> 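Mind looking over this structure? Questions follow.
Since we're looking at a predicted model, the values are computed, not measured. Hydrogens, waters and symmetry mates play no part in the numbers below; they use all other heavy atoms, side chains included.
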Amino acid sequence: MSTVKQQSMLFLANLLSSIAEDAVWVNSLESQRIADQKLVSLSLAKECGFSIPDTLASNDPVRVRAFAERHGWDVIAKNFVQGGWRTADGNLVMMRTSRLDRNSLQGDGAILKCPMIFQPYIRKERELRVTVIGNQVFPFSVVCNDTETVDWRIDEAAGAVRFEPVSIPSALEQACLRLCRRVGLRFAAIDILVLADGTSLFLEVNEGGQFLWLEEACPEVPLLDTFCHLLATPITGIRSVEPLYLREFRSSTEWQERLRVLNAGGTGGGDNKIVPET
C-alpha cells in the first residue's frame with residue numbers, strides 16, 4: 001500500500017470515528033474490523049454458544065497435509081478476504097471456497113503462496129443464511145440442486161439455488177443475537193451449516209452482507225421495511241416511517257423516476273442500464 005493511500009485511509013478512519021459520536025452506526029468501523037477477522041469471529045461465535053468446525057489457518061505444507069489426512073483427505077480451503085483477478089481476456093475470476101483432496105495438496109508451491117483457512121468438508125442436511133437486523137432474526141434455508149456444493153454463491157450465479165424462509169430453534173436464534181451484540185453489529189448475515197443430527201455449525205459472519213435479493217426471492221419477508229425501521233428509529237424503537245416493501249417500491253413511480261435518472265445520467269449506457277422488473 002502506498003504512503004499516500006495509507007494516509008488517506010487513516011484520515012478517513014479518524015474522521016468517521018470522531019464525527020457524530022451519538023449516532024447509531026450500521027455498522028461501526030470497530031465492529032466491521034472485528035467481524036472481518038475470520039479467526040476472531042470463529043472464537044467469538046464459540047463463546048456465544050455456537051459449535052464451530054475444526055479449523056487450521058496456515059501456509060505450512062506439512063501442517064496442512066497433516067490436517068487434511070486427519071480428516072480423510074477431504075477438506076475445504078477458504079480465503080481470509082474475498083478477492084479475485086482479471087484474466088488476459090478481461091474475464092473476472094473470483095476466489096471461492098474450494099474442496100480439496102490428497103492430489104490437490106501434494107505440491108508445496110500453492111500452499112506456500114499465502115495462508116488459507118482449512119476446515120474438514122462437512123456433509124450437511126441444509127445450509128442457513130441468517131440475516132439479523134437490530135433485534136430481529138430472519139433465517140433462510142439455502143437449497144442447492146447439488147447437495148454437496150461448498151460455495152452456494154457459485155450455484156446461485158448458475159440459477160441452481162433457491163431460498164426459503166424457515167424457523168430455527170430459539171437457542172440458535174439467541175446465539176445469533178449474542179454474537180451480534182458481542183461484536184457490536186446492528187446488522188449481520190450469518191452462514192450456518194445444519195447437520196443430519198441437528199447440530200448447527202457456525203461458518204462466518206458478514207457485517208455488510210447484501211439482503212434485498214432474499215426479499216426478491218421471498219417477498220413475504222419484510223427485510224427492507226425492517227432495515228428502514230432500524231435506520232429511522234434505532235434508539236426509541238418507535239416507528240417513524242411508513243411500511244416499505246421491496247415489491248411495492250419497485251412498482252412505484254418514485255422508483256421508475258430514479259431508474260430514468262440513473263440510466264440517463266451515467267450508468268454507462270447500453271448493457272449497463274438498469275432494467276425495471278416487470
Side-chain angles (χ1 to χ4, degrees), residues 24 26-27 35 50 124-147 149 151-181 185-196 198 200-259 262 274-278:
V24 176
V26 184
N27 289 296
F50 284 101
K124 57 185 179 287
E125 181 73 17
R126 61 176 174 166
E127 189 164 351
L128 300 175
R129 163 59 70 97
V130 180
T131 299
V132 179
I133 304 175
N135 292 319
Q136 297 196 54
V137 178
F138 298 93
F140 295 84
S141 180
V142 182
V143 183
C144 301
N145 292 350
D146 179 2
T147 59
T149 188
D151 193 332
W152 55 260
R153 293 170 299 178
I154 299 175
D155 296 60
E156 182 189 16
V161 179
R162 70 181 189 276
F163 304 92
E164 300 173 350
V166 294
S167 298
I168 58 175
S170 175
L172 182 56
E173 183 175 302
Q174 290 304 311
C176 292
L177 291 171
R178 279 196 300 272
L179 177 62
C180 288
R181 288 194 292 266
L185 298 173
R186 293 181 176 273
F187 167 83
I190 302 173
D191 291 323
I192 298 169
L193 293 184
V194 180
L195 309 188
S200 298
L201 290 180
F202 170 88
L203 296 181
E204 62 183 46
V205 57
N206 186 336
E207 48 79 22
Q210 299 183 42
F211 63 93
L212 286 182
W213 51 273
L214 288 167
E215 188 169 339
E216 288 178 343
C218 310
E220 71 276 18
V221 183
L223 295 174
L224 177 60
D225 183 63
T226 305
F227 192 79
C228 290
H229 180 53
L230 173 67
L231 296 178
T233 57
I235 298 176
T236 64
I238 300 173
R239 175 173 287 280
S240 60
V241 294
E242 292 297 319
L244 181 63
Y245 302 98
L246 185 62
R247 176 183 288 175
E248 295 175 3
F249 178 66
R250 289 270 175 87
S251 63
S252 67
T253 55
E254 179 184 0
W255 173 243
Q256 299 301 320
E257 177 61 18
R258 288 177 182 271
L259 286 179
L262 286 170
I274 302 173
V275 179
E277 293 183 349
T278 56

> Could you tell me whether the side chain of Glu215 and the main chain of Leu246 form a donor-acceptor pair under 3.5 Å?
yes

> Quick one: CG on Leu214 to CD on Glu164, what's the gap to the nearest 0.5 Å?
12.0 Å

> Determine the minimum heavy-atom distance between Leu244 and Cys228, stating which atoms define it.
CD2-SG, 3.8 Å

> For residues Pro165 and Val221, report the shortest heavy-atom separation together with the two atoms involved.
CB-CG2, 3.9 Å

> Can you tell me how far CZ of Arg162 sits from SG of Cys144, rounded to the nearest 0.5 angstrom?
9.5 Å

> Output, in order, the C-alpha distance, side-chain angles, deciding distance and verdict of side-chain contact (heavy atoms from CB on, under 4.5 Å) for Asn206 and Asp191.
CA-CA 8 Å; Asn206 186 336; Asp191 291 323; 5.9 Å; no

> Identify the heavy atoms of Ala189 and Gly209 that sit nearest to each other, and give their distance.
CB-CA, 4.3 Å

> If the plane angle is over 60° it's perpendicular, under 30° parallel, otherwise tilted; pick one for Phe187 and Phe211.
tilted

> Does some side-chain heavy atom of Leu195 sit less than 4.5 Å from a side-chain heavy atom of Glu125?
no

> Got more than 12 heavy atoms from elsewhere within 6.0 Å of CZ, Arg258?
no

> First locate atom CZ of Phe138, then atom CZ of Arg129, and finally report the distance between them rounded to the nearest 0.5 Å.
14.5 Å

> Between Leu172 and Ile192, does the side-chain contact (heavy atoms from CB on, under 4.5 Å) criterion hold? Intermediate values first, please.
CA-CA 10 Å; Leu172 182 56; Ile192 298 169; 4.0 Å; yes

> Hey, could you give me the CG/CG distance between Leu185 and Asn27, rounded to the nearest 0.5 Å?
4.5 Å

> For Gln210, does the CD atom sit with more than 12 other heavy atoms under 6.0 Å from it, leaving out its own atoms?
no

> How many angstroms lie between CG in Leu223 and CH2 in Trp213, if you round to the nearest 0.5 Å?
10.0 Å

> Of all the heavy-atom pairs spanning Ser252 and Phe249, show the shortest one and how long it is.
OG-O, 2.6 Å

> Between Ile133 and Phe227, what is the shortest heavy-atom contact and its length?
CG2-CA, 3.8 Å

> Which atom pair, heavy atoms only, marks the closest approach of Ser141 to Leu128?
CA-CD2, 4.1 Å

> How many angstroms lie between atom CG of Leu203 and atom CG of Leu193, to the nearest 0.5 angstrom?
4.0 Å

